Amino acid sequence: MKKLFFVLLFFFTVSLCFAYDRPLVNNINAVPGSGTKINLMWNLPENLKTPLKKILVYINTKPISSYEQIKNSSPAATLKPTATAWSHKVEDLNDWYYAVVCVTDKPYDIIMPSINATVRGVHLTGKKISADQVITREEKVYPSGTLRETPLPYLDLLDNNKTENVISKATTTEARKLGVAVVKKTERLNPYVFEEDLVSPDGGDAYLLFDILSRTFIQKKYVEGIEELKRLIGTNVTEDVLARATFYLGECEYFATDYESAVRSFVRVQPYFPDLCTRWITSSLDNITISK
């Protein structure tokens, strides 16, 4: 088994060295965008002897680990040689994987996970319901002598609601008093930092996370932190760094008042930090306004 491992490592190293002489994009990253789009980004190769003619983007619902998987497939997109990004319009919640291949005289048939192919599936954070997915209710037939259900009257408890009020003003006033405790948001939590991230590491994935936190999260630049952490999560980092980065992503979304996204992030890493995540999920749910 050990011998097989070193043989595979040798061939991987040879392939890696050989790849540096070939035009490969690098730092590929895929993140969910707004609506129904997943945004794919990469860096172009530098100092090429042969200029690029075009760039091909391939997609799959399984990880793309070799060129054999895609050589007989049509690319999802054919782009100009200067392109560094592409948006994939998605209509489902499947995990999607991507590979980007450069073409000079012919496509360069090397796929290297985390360099020109994503290693983790990316999916939309929400889904729009199309017209043909809307469930139409059949008209209910009431037998003779059976009373028809009467719809409950609507209480307009929110001052900014435009719906016509069908309850008297006096009743609405009393009901609004009862609803104050529901509408009011709970007190928000204070930022949490893991002990591992309080001191700058020597290097590696932990340092990348520490650098992002020091430039964004610690300085309360939560929107920037969301983008930076999503980019880090989309790379091939270690499991423990991935878990902490996802938790910090939830915190950034929480303090950016995107509580629904925060809940999704905390749920992903709840098996790693059960008690901690439960507390943040509860607070996120409490802070979602009643109008949502």
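The shown structure was predicted, so the numbers you read here are calculated from the model rather than taken from an experiment.
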Q. Any side-chain heavy-atom pair from K71 and D109 closer than 4.5 angstrom?
A. no
Q) Are N29 and L40 close enough that some pair of their side-chain heavy atoms sits under 4.5 Å apart? A) no
Q: Run the numbers on T36 and E91 for side-chain hydrogen bond (donor to acceptor under 3.5 Å, both in side chains), then give the verdict.
A: CA-CA 6 Å; T36 59; E91 299 295 341; 4.6 Å; no
Q.
In the structure I gave you, are the side-chain heavy atoms of N26 and N116 within less than 4.5 Å of one another anywhere?
A. no
Q. F217, L209: one ILVMFWY side-chain cluster at the under-4.5 Å cut-off?
A. yes
Q. To the nearest 0.5 Å, what is the distance between SG (C277) and CZ (R268)?
A. 11.5 Å
Q | Considering all heavy atoms, the nearest L52-P23 contact | A | CD2-CB, 3.8 Å
Q: Walk me through it: do H123 and N94 pass the test side chain to side chain contact (heavy atoms under 4.5 Å, CB included)?
A: CA-CA 6 Å; H123 59 266; N94 289 331; over 6 Å; no
Q.
Does either side chain, that of E239 or that of Y272, offer a donor lying less than 3.5 Å from an acceptor on the other one?
A. yes
Q: Working to the nearest 0.5 Å, report the span between CG of L242 and OG1 of T246.
A: 4.5 Å
Q.
Show the nearest heavy-atom pair for residues S73 and Y58, with the distance to one decimal.
A. O-CE2, 3.5 Å
Q: Look up atom CG in L24 and atom CG in N43, then write down how far apart they are to the nearest 0.5 Å.
A: 12.5 Å
Q: Mind telling me whether W280 and F266 have parallel, tilted or perpendicular rings, with 30° and 60° as the class edges?
A: tilted
Q. Between V25 and P45, is any pair of side-chain heavy atoms under 4.5 Å apart?
A. yes
Q | Side-chain donor-acceptor pair present, S261, R264, cut-off under 3.5 Å | A | yes
Q: Establish whether F247 and I226 are linked, either directly or via other cluster members, by ILVMFWY side-chain heavy-atom contacts under 4.5 Å.
A: yes
Q.
So that I know where these two stand, are H88 and W96 an aromatic pair - ring centroids less than 6.0 Å apart?
A. yes
Q.
side chain to side chain contact (heavy atoms under 4.5 Å, CB included), that's the test. Do L198 and F210 meet it? Break it down for me.
A. CA-CA 8 Å; L198 293 175; F210 177 85; over 6 Å; no
(Q) Once side chain to side chain contact (heavy atoms under 4.5 Å, CB included) is applied, do any residues pair with Y97, and if so which ones, sequence neighbours excluded? (A) P63, D95, T118
Q) Does a donor on one side chain sit under 3.5 Å from an acceptor on the other, for S87 and N39? A) yes
Q: First locate atom CD of E260, then atom CG of L285, and finally report the distance between them rounded to the nearest 0.5 Å.
A: 9.5 Å
Q. Would you call the rings of F273 and F194 parallel, tilted or perpendicular if under 30° counts as parallel and over 60° as perpendicular?
A. tilted
Q.
When you compare the side chain of V103 with that of I55, does any pair of heavy atoms fall below 4.5 Å?
A. no
Q | Whether W86 side chain and A76 backbone form a donor-acceptor pair below 3.5 Å | A | no
(Q) I'd like to know if the side chain of Y259 pairs up with that of R188 as donor and acceptor (distance under 3.5 Å, no hydrogens or angles considered). (A) yes
(Q) Counting neighbours of CZ on R120 that are heavy atoms of other residues, nucleotides or ligands and sit closer than 6.0 Å, is the number greater than 12? (A) yes
Q: Spell out, as yes or no, whether a donor-acceptor pair under 3.5 Å connects the side chain of E227 to the backbone of V223.
A: no
Q) Measuring from L213:CG to S200:OG, what's the distance to the nearest 0.5 Å? A) 11.0 Å
Q) Taking 4.0 angstrom as the limit, do R244 and D197 come out as a salt bridge? A) yes
Q) What heavy-atom pair brings F255 and P191 nearest, and what distance separates the two atoms? A) CZ-N, 3.6 Å
Q) Do M41 and T84 come within less than 4.5 Å of each other through their side chains, counting heavy atoms only? A) no
(Q) R279 vs L189, test: side chain to side chain contact (heavy atoms under 4.5 Å, CB included). Steps then yes/no. (A) CA-CA 9 Å; R279 185 158 59 93; L189 299 175; 3.8 Å; yes
**Q.** Donor-acceptor pair, side chain of E251 and main chain of Y192, under 3.5 angstrom
**A.** yes
Q. Is there a donor-acceptor contact under 3.5 Å linking the side chains of S283 and Y254?
A. yes
**Q.** OG1-CG distance between T216 and L229, expressed to the nearest 0.5 angstrom
**A.** 5.5 Å
Q) Can you list every pair that meets side chain to side chain donor-acceptor pair (under 3.5 Å) and has a residue in residues 205-214, with sequence neighbours left out? A) D211-R215
Q) What about V119 and I64, same hydrophobic cluster or not, with Ile/Leu/Val/Met/Phe/Trp/Tyr joined at side-chain heavy-atom distances under 4.5 Å? A) no
Q. Should L56 and Y67 be regarded as members of a common hydrophobic cluster, given that ILVMFWY residues are connected when their side-chain heavy atoms come within less than 4.5 Å of each other, either directly or indirectly?
A. yes
Q. Does some side-chain heavy atom of L249 sit less than 4.5 Å from a side-chain heavy atom of S265?
A. yes
Q: Using modelled atom types only, decide if a donor and an acceptor are shared between the side chain of E228 and the backbone of G225 within a distance under 3.5 Å.
A: no
Q: Please check if I28 and L44 belong to a single hydrophobic cluster, counting links between Ile, Leu, Val, Met, Phe, Trp and Tyr side chain heavy atoms closer than 4.5 Å.
A: yes
Q.
Between I111 and V101, is there a side-chain heavy-atom distance shorter than 4.5 Å?
A. yes
Q. Which pair of non-hydrogen atoms, one from A85 and one from L79, has the smallest distance, and what is that distance?
A. O-CD1, 4.1 Å
